[in-house]
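Since the structure comes first, as structure tokens, the remarks are kept for the end.
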Amino acid sequence: MEFRTRDGIARAINGVSFDLHQDETLAILGESGSGKSVTAQAVMGILDTPPAFVTGGSVTYCGTDLLTVDERVMQTVRGAEISMIFQDALSSLNPVFTVGWQIAEMFRVHRGMNRRDAEEQAIRLMERVRIPAARERVNNYPHQFSGGMRQRIMIAMAIALDPHVLIADEPTTALDVTVQAQIMDLLKELQSESHMGLILITHDLGVVADVADRIAVMYAGRLVEKADVFDLYRDPAHPYTLGLLESIPRLDQQGERLNAIGGLPPNLTRIPAGCPFHPRCRFATDICRTGEPPALLEVAPGRRVACHHYDELLGRHRLEADTGLGRLEPDTGLGQRLLETHDNGEEAVR
Ligand code: SF4
């Protein structure tokens with residue numbers, strides 16, 4: 001998938017293949033500009049053409065490639081089958097309508113309910129996402145709620161039609177840590193009630209440690225590592241994943257400088273030759289500057305990585321003690337496969 005811009009063609013998603021099962025949480029991680037949100041928007045079919053052009057690949061939901069269906073079909077998929085929570089609740093909610101009206105609209109438009117029944121459903125949903133005094137607050141406007149409560153309203157709208165897949169794009173950004181934890185708990189609770197597949201998009205590894213089953217790490221529009229959460233946190237195989245993990249602030253490092261990955265992600269219209277990460281990678285050698293690493297090689301059961309030197313990292317950077325994530329336990333119980341994306345000619349991978 002590419003954006004055709006005045007500065008050139010930006011290959012925003014390239015070779016991104018993953019699947020998602022019922023009851024499963026897949027976290028897609030990476031810095032801003034790595035292609036996470038664009039991937040989600042491509043799945044939802046909400047990218048504007050132009051400038052966005054899907055040049056290949058597939059998004060398979062219940063046996064149908066969503067990239068081949070027309071907008072009329074996608075309107076029945078969005079919200080009812082695959083739903084999305086967007087990054088910024090304040091700008092996603094309409095400031096001139098009450099929250100109850102906006103939630104009830106889902107039922108009026110998609111289920112043909114009358115105004116009174118739709119409002120009752122809205123109140124029930126507000127209660128389900130734990131908004132206190134929902135009946136009294138149903139006619140309040142978005143600005144009358146706190147950031148955390150607005151995010152709950154967005155979640156209520158996203159789950160209104162009982163979707164099978166929920167994509168949450170940075171659902172806790174700009175919230176304080178306590179509210180972040182409450183929102184993540186709520187998402188997990190709703191998932192276990194309705195058996196949704198959950199895709200969690202975030203730049204923050206700290207947020208997903210307790211909730212994700214699998215993690216896909218993106219850089220410059222590509223997947224660079226994919227693994228079960230337990231394996232990835234304990235033993236990252238890609239230098240970029242290692243850098244992200246080392247960037248998590250630690251309580252035992254008070255007064256010290258925060259670790260950070262030097263440099264910036266590349267401009268996608270001018271991706272460097274060789275491995276796109278090489279200008280920032282402390283493990284880079286000559287081959288990294290000239291040859292692109294093979295896409296997601298299976299290096300261990302359930303582990304895929306795109307790096308020339310993965311074998312030098314795997315098993316040598318165990319971070320369990322450092323990150324305090326020793327409580328993570330592998331969980332392989334998966335439900336039915338719901339969603340699958342893959343690039344041209346590339347086998348769908350787990
Ligand atoms: Fe670093 Fe080379 Fe691996 Fe790229 S291929 S991540 S530059 S070691």
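Side chains included, hydrogens not; waters and symmetry mates left out as well; all remaining heavy atoms used. Numbering of ligands and ligand atoms starts at 1, following listing order.
Annotation for ligand 1: atoms under 4.0 Å from non-hydrogen atoms of H238 are 6 (S).
Few gaps surround NE2 on H278; more than 12 heavy atoms of other groups in view lie less than 6.0 Å from it.
Judged by distance alone, the side chains of H164 and E81 do bring a donor and an acceptor atom under 3.5 Å apart.
Listed by chain and residue number, R128 satisfy the side chain to side chain contact (heavy atoms under 4.5 Å, CB included) test with D162 (two or more places apart in sequence, or in another chain).
Between the side chain of R78 and the backbone N or O of G45 there is at least one donor-acceptor pair closer than 3.5 Å. R303 contributes no side-chain N or O that, together with a main-chain N or O of A227, makes up a donor-acceptor pair within less than 3.5 Å.
Around atom 2 (Fe) of ligand 1, the protein contributes the following N, O or S atoms under 2.8 Å, ordered by chain and number: C288 SG.
Both the sub-6.0 Å distance and the 45° axial angle are not jointly satisfied by R280 relative to the ring of Y240.
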